[in-house]
Number of protein chains: 2
Amino acid sequence: MTSRTLIKDIAAQPDGPVTVAGWVETVRDQKKVQFVILRDESGAAQLVNPATRELDPEGVSVGAAEALALTESISALTHGSFVKVTGQLKHDERVKLGGLEVKVGTLEVVSGALETPIAADSSLDKRLDWRFLDLRQPKQNLIFRVQTTFLHALRGVWIEKGLIEIQTPKLMASASESRAELFEVDYFEGKAYLAQSPQFFKQMAQSAGFGGVFEVGPAFRADPSFTSRHATEFTSIDTEISWIDSHEDVMALHEELLVAGFQAVADKHGDEIRELFGVEVTVPSRPFPRIPLAEAKQIVADHGYVVPRADADMDPEGERRISEYVKETYGHEFVFLTDYASSIRPFYHMRHEGDPSLTNSYDLIFNGVEISTGAQREHRVDVLVEQARDKGMDPEELEFYLDFFRYGVPPHGGFGMGLARVLMLMLHEHSIRETTYLFRGPTHLLP
Amino acid sequence: MTSRTLIKDIAAQPDGPVTVAGWVETVRDQKKVQFVILRDESGAAQLVNPATRELDPEGVSVGAAEALALTESISALTHGSFVKVTGQLKHDERVKLGGLEVKVGTLEVVSGALETPIAADSSLDKRLDWRFLDLRQPKQNLIFRVQTTFLHALRGVWIEKGLIEIQTPKLMASASESRAELFEVDYFEGKAYLAQSPQFFKQMAQSAGFGGVFEVGPAFRADPSFTSRHATEFTSIDTEISWIDSHEDVMALHEELLVAGFQAVADKHGDEIRELFGVEVTVPSRPFPRIPLAEAKQIVADHGYVVPRADADMDPEGERRISEYVKETYGHEFVFLTDYASSIRPFYHMRHEGDPSLTNSYDLIFNGVEISTGAQREHRVDVLVEQARDKGMDPEELEFYLDFFRYGVPPHGGFGMGLARVLMLMLHEHSIRETTYLFRGPTHLLP
């Protein structure tokens with residue numbers, strides 16, 4: 001490897017020789033002295049070079065030609081060029097950026113750059129068109145370091161509990177959720193469909209006796225909407241566990257995972273998030289508040305907002321308001337809305353013992369937006385078939401799925417959670433397009 | 001949660017009351033006593049029940065009706081049914097299975113099962129048709145626990161090095177590798193394609209200044225072949241790092257990851273793997289042997305096998321033989337074949353300085369089969385365009401990819417590795433279909 005020092009690590013080094021490498025963020029090319037802000041994935045530092053503008057006409061001093069060449073190459077640097085610099089590190093409190101600078105000895109341009117077409121304040125659409133440049137901004141870079149830490153913390157919890165990581169197929173013979181939002185693939189002589197969720201396959205693991213599983217992977221929805229919360233491809237965080245008594249067990253695991261994830265992010269990136277996003281990452285306290293959906297609708301109605309829907313469901317504005325209410329009342333950023341009506345839940349959600357109009361299910365709302373749906377699943381095959389019929393589905397099309405139940409399956413449940421939504425709400429961003437590496441929407445397939 | 005004890009944990013418990021839950025593996029229904037082997041995700045235990053075949057005609061003793069009912073329900077148990085049992089644990093050295101048994105108190109059938117259509121010795125095709133039942137076998141279950149441990153160890157290395165986890169889109173506007181093996185998706189009014197690898201997008205992260213990234217996710221190849229090593233969808237382990245000097249730096253990271261993965265698997269599952277697969281997991285020593293491809297072909301030719309190919313490439317039999325040679329000569333299960341000819345490598349592999357007929361690339365062979373391809377990438381855009389033209393590609397179709405280079409990118413490289421292949425060869429299995437959760441092939445879309 002190129003023996004470079006990460007910029008975040010040079011502060012701890014003594015004055016003396018150092019090699020750094022990264023891209024040129026700015027150049028201040030003054031007559032007598034040149035300054036370059038060099039950034040790498042860990043931070044930024046100031047490079048300095050006393051300019052040599054012409055060869056001494058009185059006689060050529062030692063190294064003068066090299067000095068002139070160095071000055072000229074710094075003058076010619078374009079923003080975004082990747083360079084490798086060897087020089088002398090000097091700690092100097094007067095330097096605003098980190099209290100140090102590097103006096104350039106040699107500078108190698110390993111990759112020049114065309115002039116950047118975007119700025120930090122360009123429109124989101126334009127930034128997305130140039131996502132690879134947009135991601136050079138410290139804020140965007142931090143989002144994905146936060147993502148890395150968050151996911152690793154979740155996996156740590158799952159693994160400590162003995163859950164098994166699975167990779168479920170994204171190519172399916174039929175729909176896993178609604179047929180309405182299904183992508184069709186030419187599959188040799190026939191057709192395949194892109195998985196809308198790993199739902200069926202994570203349930204299959206329960207029938208296979210895996211006990212508990214998790215997966216972080218892509219899910220696909222042919223959803224033509226253009227909101228800040230929707231994408232045609234998104235990363236879904238999924239888990240499913242056996243031998244639960246109700247959805248309460250799923251919520252308990254859900255809480256534990258989020259607490260671990262937020263704790264790890266706060267510990268590792270709390271300061272940087274405060275600095276770049278102006279946000280304090282709060283580790284949620286357990287238990288998270290739980291409110292039955294019907295009660296939540298009543299609460300927002302009592303506060304002046306009647307959800308304008310004919311069915312039993314919430315709407316985004318209602319979710320925003322109940323979240324506000326919970327924050328004021330309980331000081332909590334999360335709330336589980338529970339016991340959704342069977343009429344607005346998929347056929348595979350278990351219904352209440354004694355009241356089939358309600359399900360053992362929940363949505364998790366975080367800072368006003370739904371980030372997850374969880375439920376106990378119906379594991380009694382006769383009841384399941386009945387519920388599918390009740391939804392107007394043809395059980396014959398679900399044969400492979402129903403087989404999982406016919407050959408024995410323990411009581412089980414789980415949830416799916418959108419990674420980009422969690423990050424968006426954690427960092428108070430306004431769109432999942434900011435917290436997705438490369439957003440995919442109806443008109444967005446590039447880069 | 002159902003307060004059950006995992007079967008692996010009951011050995012450490014004292015004699016007394018215990019609750020276990022799992023599925024019925026066998027029932028031995030003798031006249032005077034009934035035995036049930038109950039399995040859960042952690043192990044198996046023997047349940048025992050003194051049979052009560054009829055009510056005492058002389059008078060009804062206390063609990064006799066319950067005892068009769070229990071006996072009858074055990075007689076009626078079908079293999080694969082999920083049951084929850086509360087009873088008395090008794091350690092008894094005479095019991096072969098773990099030196100303990102559980103005398104049944106109550107037994108609840110939570111999910112009955114149809115008669116299982118497969119056995120451990122059913123054909124692979126039949127087992128795959130009933131994959132959820134096949135996965136109940138301890139060997140298959142172990143494969144996915146090994147997978148979990150292996151991946152977690154790899155991620156530990158990446159994260160300790162500060163690499164960033166990315167989720168790259170699987171929906172693309174064009175091909176990422178050959179156009180020949182591309183799945184086409186109906187995408188609203190147009191077309192999209194399934195990513196054959198995250199190649200372009202992990203390189204994009206280098207231009208974005210991420211320094212180093214990793215991803216474990218699905219990749220898709222419309223490959224009509226039916227070998228034991230190919231699938232139309234597979235889990236690809238990918239990494240890409242900046243500021244390398246050559247492919248040697250990529251190989252060094254590759255070794256480090258594999259050593260960590262194998263060490264974790266050996267530590268956590270070594271005994272079980274020995275018992276169930278008869279395989280000793282060997283942690284590979286570093287450095288792995290490296291042999292230039294041309295030299296490897298000469299070695300196998302000298303040993304009597306001339307690779308029957310017109311081009312410069314190896315074939316599977318050649319890979320098997322060079323691997324055998326390396327094992328005999330160096331006692332190593334791994335070998336890097338390096339410096340592949342440019343003619344058989346993609347346009348984005350960097351070519352040798354001074355000899356453009358060879359590339360800075362490698363394949364990694366493990367126990368006779370290729371599991372990975374790695375390389376330094378060409379980061380100089382003019383050279384890259386030239387190499388694309390050289391391969392008969394139209395640079396205009398690569399515009400979005402070439403932009404990553406036009407705006408600056410450091411020298412970089414990485415590899416992609418097939419997860420199922422690593423597991424297959426580690427456990428001496430004969431097909432990736434055994435080590436894939438749900439195999440996808442040209443005629444395999446179900447379950």
Engineer: Can you confirm whether Pro218(A) sits close enough to Pro218(B) that some side-chain heavy atom of one is under 4.5 Å from a side-chain heavy atom of the other?
Structural biologist: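 SC-SC contact between Pro218(A) and Pro218(B) confirmed.
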Engineer: Could you walk me through whether Thr232(B) and Tyr187(A) satisfy the side-chain hydrogen bond (donor to acceptor under 3.5 Å, both in side chains) test, starting with their C-alpha distance in whole Å, then the side-chain angles of each, then the deciding distance to 0.1 Å, before giving a yes or no?
Structural biologist: CA-CA 10 Å; Thr232(B) 53; Tyr187(A) 198 75; 2.7 Å; yes
Engineer: Look up atom NE2 in His152(A) and atom CD1 in Ile159(B), then write down how far apart they are to the nearest 0.5 Å.
Structural biologist: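 Those atoms lie 4.0 Å apart.
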Engineer: Before giving the answer on side chain to side chain contact (heavy atoms under 4.5 Å, CB included), spell out for Phe188(B) and Phe183(A) the whole-Å C-alpha distance, their side-chain angles and the decisive distance to 0.1 Å.
Structural biologist: CA-CA 9 Å; Phe188(B) 302 99; Phe183(A) 283 120; 4.1 Å; yes
Engineer: What part of Asp403(B) lies closer than 4.5 angstrom to a heavy atom of chain A: side chain, backbone, both or neither?
Structural biologist: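 Both backbone and side chain.
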Engineer: Select, from Gly441(B), Gly156(B), Ser246(B), the one with the greatest count of heavy-atom pairs under 4.5 Å involving chain A.
Structural biologist: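 Looking at each of Gly441(B), Gly156(B), Ser246(B) in turn, Gly441(B) comes out on top.
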Engineer: If you compare all heavy atoms of Ala113(A) against all heavy atoms of Gly408(B), which two are closest, and at what distance to 0.1 Å?
Structural biologist: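 For Ala113(A) and Gly408(B), the tightest heavy-atom pair comes out as CB-N, 3.9 Å.
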Engineer: Would you find a donor on one side and an acceptor on the other, under 3.5 Å apart, between the side chain of Glu165(A) and the backbone of Leu151(B)?
Structural biologist: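 Not a single qualifying donor-acceptor pair exists.
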Engineer: Among Phe405(A), Trp23(A), Phe404(A), which residue forms the greatest number of heavy-atom pairs with chain B at distances under 4.5 Å?
Structural biologist: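 Answer, by heavy-atom pair count under 4.5 Å with chain B: Phe404(A).
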Engineer: Working to the nearest 0.5 angstrom, can you tell me the gap between Ser111(B) OG and His412(A) NE2?
Structural biologist: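 So the OG of Ser111(B) and the NE2 of His412(A) are separated by 10.0 Å.
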Engineer: So which of Ser42(A), Gly80(A), Pro442(A) has the largest heavy-atom pair count under 4.5 angstrom toward chain B?
Structural biologist: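 Heavy-atom pairs under 4.5 Å are most numerous for Pro442(A).
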Engineer: Is there side-chain contact between Trp243(B) and Val110(A), with heavy atoms separated by less than 4.5 Å?
Structural biologist: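 Side chain of Trp243(B) against side chain of Val110(A), heavy atoms only: contact under 4.5 Å found.
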Engineer: So for Ala252(B), is it side chain, backbone, both, or neither that comes closer than 4.5 Å to the heavy atoms of chain A?
Structural biologist: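 The answer is neither part of Ala252(B).
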Engineer: Are Thr168(A) and Leu438(B) side-chain neighbours, meaning at least one heavy-atom pair lies under 4.5 Å?
Structural biologist: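 Of all side-chain heavy-atom pairs linking Leu438(B) with Thr168(A), none is under 4.5 Å.
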Engineer: Of the backbone (N, CA, C, O) and the side chain (C-beta and beyond), which part of Glu115(B) lies under 4.5 Å from a heavy atom of chain A, both, or neither?
Structural biologist: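 For Glu115(B), the contact with chain A is made by the backbone alone.
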Engineer: Enter the distance from Thr148(B):OG1 to Phe210(A):CZ here, rounded to the nearest 0.5 Å.
Structural biologist: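 One gets 8.5 Å once the value is rounded to the nearest 0.5 Å.
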Engineer: Does the side chain of Glu184(A) reach to within under 4.5 Å of the side chain of Val185(B), using non-hydrogen atoms?
Structural biologist: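 Answer no - side chains too far apart.
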Engineer: Answer whether the closest heavy-atom distance between the side chains of Phe82(A) and His379(B) falls below 4.5 Å.
Structural biologist: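 Phe82(A) does not reach His379(B) side chain to side chain.
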Engineer: Check whether Gln137(B) gets within reach of chain A through its side chain, its backbone, both or neither, counting any heavy atom under 4.5 Å.
Structural biologist: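 For Gln137(B), neither part sits under 4.5 Å from chain A.
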Engineer: For chain B, find which of Ile166(A), Val409(A), Leu446(A) contributes the most heavy-atom pairs closer than 4.5 angstrom.
Structural biologist: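 The option with the most such pairs is Val409(A).
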Engineer: Under 4.5 Å heavy-atom distance to chain A, tell me which part of Arg440(B) shows up: side chain, backbone, both or neither.
Structural biologist: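 Both backbone and side chain.
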Engineer: Do the rings of Tyr407(B) and Trp130(A) sit parallel, tilted or perpendicular, given the 30° and 60° boundaries?
Structural biologist: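 The rings of Tyr407(B) and Trp130(A) stand perpendicular, inter-plane angle above 60°.
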Engineer: Would you find a donor on one side and an acceptor on the other, under 3.5 Å apart, between the side chain of Tyr437(A) and the backbone of Phe201(B)?
Structural biologist: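 Confirmed, Tyr437(A) side chain pairs with Phe201(B) backbone.
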Engineer: Any chance you could measure Ile143(A), atom CD1, to Ile164(B), atom CD1, to the nearest 0.5 Å?
Structural biologist: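 Reported value, rounded in 0.5 Å steps: 11.0 Å.
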Engineer: Below 4.5 Å from any heavy atom of chain A, which atoms of Leu194(B) appear? Answer side chain, backbone, both or neither.
Structural biologist: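 Contact with chain A: side chain only.
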Engineer: Flag the one option from Asp186(B), Ile241(B), Asp134(B) with the top tally of heavy-atom pairs under 4.5 Å to chain A.
Structural biologist: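 The candidate making the most pairs under 4.5 Å is Asp186(B).
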Engineer: Counting heavy-atom pairs under 4.5 Å to chain B, which of Ala173(A), Gly211(A), Pro169(A) comes out on top?
Structural biologist: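 It is Pro169(A).
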Engineer: Side chain, backbone, both or neither: which part of Leu163(B) has an atom under 4.5 Å from a heavy atom of chain A?
Structural biologist: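 Answer is backbone: N, CA, C or O of Leu163(B) sit under 4.5 Å from chain A.
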Engineer: Report yes if some heavy atom in the side chain of Lys170(A) is under 4.5 Å from a heavy atom in the side chain of Lys170(B); otherwise report no.
Structural biologist: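 Not touching, per the 4.5 Å side-chain cut-off.
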Engineer: Got Val216(B) and Gln167(A) here, is their nearest side-chain heavy-atom distance under 4.5 Å?
Structural biologist: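 Touching, per the 4.5 Å side-chain cut-off.
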Engineer: For Leu133(B), is it the side chain, the backbone, both or neither that has a heavy atom under 4.5 Å from a heavy atom of chain A?
Structural biologist: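 The answer is the side chain of Leu133(B).
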Engineer: Measure from the side-chain N and O atoms of Arg136(B) to the backbone N and O of Ser207(A), and report whether any donor-acceptor pair falls under 3.5 Å.
Structural biologist: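 Indeed, once roles are kept as given, a pair shorter than 3.5 Å links the two residues.
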Engineer: Can you tell me which portion of Ser242(B) sits under 4.5 Å from chain A's heavy atoms? Options are side chain, backbone, both or neither.
Structural biologist: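 Backbone of Ser242(B) only, per the 4.5 Å heavy-atom cut-off to chain A.
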Engineer: Any chance you could lay out the side chain to side chain contact (heavy atoms under 4.5 Å, CB included) test for Met204(A) and Phe132(B), step after step, and finish with the verdict?
Structural biologist: CA-CA 6 Å; Met204(A) 184 185 105; Phe132(B) 61 101; 3.4 Å; yes
Engineer: Please tell me if the side chains of Leu171(A) and Phe220(B) come closer than 4.5 Å, counting only heavy atoms from C-beta onward.
Structural biologist: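 In contact.
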Engineer: Can you tell which part of Val109(B) gets under 4.5 Å to a heavy atom of chain A, answering side chain, backbone, both or neither?
Structural biologist: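 For Val109(B), neither part sits under 4.5 Å from chain A.
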Engineer: Select one option (side chain, backbone, both, neither) describing which atoms of Asp223(B) are under 4.5 Å from chain A's heavy atoms.
Structural biologist: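 Backbone only.
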